[in-house]
Each structure stands twice: as C-alpha cells, then as structure tokens.
Amino acid sequence: MTSAPQAGPGAASTANTPDAADAPDAPGDGAATSADGARGLAERAAALGRELATALVSAGDEARLAAQLRELAARLGGLAGPAPADGTPPADTRARPAAHHGQEPASRSGAVGPDEDDSPVRRGDITPISSPRNPLAPPLVIEREADGSAVGRASLPLQYQGPPERVHGGIVCLMLDQVLGSAAHPKGAAPAYTRVLEVEYLAATPLDAPLTVRGWIERTEGRKRFLAGTVAHGDTITARATGLWVAPREAG
Ligand SMILES: CCCCCCCCCC(=O)SCCNC(=O)CCNC(=O)[C@H](O)C(C)(C)COP(=O)(O)OP(=O)(O)OC[C@H]1O[C@@H](n2cnc3c(N)ncnc32)[C@H](O)[C@@H]1OP(=O)(O)O
C-alpha cells in the first residue's frame, strides 16, 4: 500500500471531484455570476444535464415528460442569466480552449491530488465517470484515504441501468477503472495507464443506492503497479477487480 496523495492520469481524473463544502449550489439557483463562474456554471449545467438524462429514460407519459422538459429548460435558461446586448458571452463564461494532454493532475478539493492550476480545461476535469462538469458522469466523488487507497462514492440513477434495476456492468467496470487508476498514482508517481483490468461481478449492483468503490495498490514492480478493488452496496461486495497499471517505458 502507498500512503501519500497521488498524482498522475488516474489521479487527475478523480481529483476534480468537489468536496461537499466545495460543491456548487444546487442547479436552478440562478445565474452563475461569481468569480469562478465558468466552473460553477458548467457544473450547474451538467447537473441539469443529468436530470435531463434521467427524465428521458424514465417511464412516463409524454405530457409528464413535456412538463419536465419545460421546467428544466427554464432552469437552464435561468443559469445563463440575461444575454448581453451585443450577444458576447461574459469573459468568465467564454468557451475554453481545447483540452491539452499534459500529465498534470487537477484537484478541486485538494482531497485527492494537489490543487488544480488555472489551466483551461484539465484532463481530469472531463472524465465520463467522475467529472462534476460532465453530464455523462454521475459524478463519482473520489477521495484519498490516509493509507493511500482511493474511495469513490456515488448513487447511480436510471440512465446507468443495464439489466432491470441493476447498474450496467460496463459502468461498474468504469467506476473500478477510475478508482483503481486513482489509487495507482501515489504522489510523485509517473503517469501509468490501465494495462489489465479484470472484473468479477458477484452480485447485483443496485441503482439509486449508495455505492462505495475502493481501490488500492497490492504491489509495485518497477513501472508496473498491481491494483485491487471492490464495489460495495452496504456490506455487500457486488464486484471486485484486479488490475495492472503500467507507466510507459519513456516515463522512466
Ligand atoms: C489524466 C486524466 C484522464 C485519465 C482518465 C482516467 C483513466 C482511467 C484509466 C484508463 O482508462 S487508462 C486508458 C486505457 N488504457 C490505455 O490506454 C493503455 C493502453 N496501453 C498502453 O498504452 C501500453 O500497453 C502501456 C503504456 C500500458 C504499456 O506498454 P508497453 O509496451 O510499455 O508494455 P507492454 O504492454 O508490453 O507490457 C507492460 C508490462 O506488463 C506486463 N503484462 C502485460 N500483461 C500482463 C498481465 N496480464 N499480467 C501480468 N503482467 C502483464 C508485460 O509482461 C510487461 O512487463 P515487463 O515490462 O516486465 O516485460
């Protein structure tokens, strides 16, 4: 096991998950006009995107869906605030430059990895499982434990369903990839990538229920890091995984 906070690609992908205290206000609270309005706006809009996805896949009649769409549209419009007279977006909400592909991690909360810099769009900011600004992500909130392991928590709504009432197996695997990837990056470790990920599905992973995903390093051999992890609902381990993360040779 490692004991330090991590850095690296897996880490970066998890580090943008906000602490509860740092999380944006609930969506629909009005226009995001604070100094870090771009991030707040993006995260609020992403939250509405998640609500939209849930509404679209939920059983219901068209009238009910239409009402939900109108309500969401109103809340989305409320986030944007009044349009400037000349149509120019305010400076802090302009489209950011395309993502770079550097290795530096990002952290919103500091709970995992060092604090993020102010670079435009950070790789860790956009993963489809942990990013608060990506409406595809639940998001899974990942933190580093004192012993160096990583723990992610999420409750997955209907759009993540595979078999009825169960989380899709690919999503279970995605959560494990992300959390084990975070655990694979103790502070100062070279970036490493998933080389092997084996998942055993032991029991149903329920929708709309608190899930805990854990990952830890079992051993390290040079540039190879062997990981293990679990997904649990309460005391029930619904999946477990082992994996190998490898730093490219050129990383030294
Ligand atoms: C930053 C923010 C964004 C991050 C998002 C979150 C990421 C979440 C995690 C991911 O999704 S990572 C993305 C998916 N993974 C990849 O894209 C990795 C694709 N694979 C590679 O790029 C290369 O395979 C890799 C750099 C990982 C390694 O290539 P190499 O050519 O250097 O090595 P190779 O693949 O031949 O094998 C590496 C070592 O593993 C060993 N190995 C391979 N399979 C094994 C196995 N099954 N069991 C044990 N060892 C195994 C292999 O023998 C070898 O050991 P040795 O170096 O000691 O000889």
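Not measured: the values here are computed from a predicted model. One-based numbering, in listed order, for ligands and for the atoms of each.
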Between ligand 1 and T194, is the shortest N or O to N or O distance under 3.5 Å? yes

Please collect all salt bridge (charged side-chain N to carboxylate O under 4.0 Å, His left out) contacts where either partner lies in residues 235-248, sequence neighbours excluded, each pair once. E200-R240

Which residue from V179, L244, T127, V246 reaches closest to atom 41 (C) of ligand 1 through any of its heavy atoms? L244

Without placing hydrogens or testing angles, list every side-chain donor-acceptor pair under 3.5 Å for residues 55-73, not counting sequence neighbours.
| from | atom 1 | to | atom 2 | distance (Å) |
| --- | --- | --- | --- | --- |
| S58 | OG | T54 | O | 2.5 |
| D61 | OD1 | A63 | N | 3.2 |
| D61 | OD1 | R64 | N | 2.6 |
| E71 | OE2 | R75 | NH1 | 3.2 |

Hey, is R223 one of the residues with a heavy atom under 4.0 angstrom from ligand 1? yes

About how many Å separate CG of L244 and CZ of R195, when rounded to the nearest 0.5 Å? 7.0 Å

For ligand 1, indicate whether the residue K224 contacts it via side chain, backbone, both or neither (heavy-atom separation under 4.0 Å). side chain

Neighbour count above 12 (heavy atom, 6.0 Å) for H233 NE2: yes

Counting N and O atoms only, with roles assigned by atom type, does the side chain of E145 sit under 3.5 Å from a partner on the main chain of S149, one being a donor and the other an acceptor? no

For V196, the ligand 1 atoms with a heavy-atom partner under 4.0 Å come out as 44 (N), 45 (C), 46 (C), 47 (N)

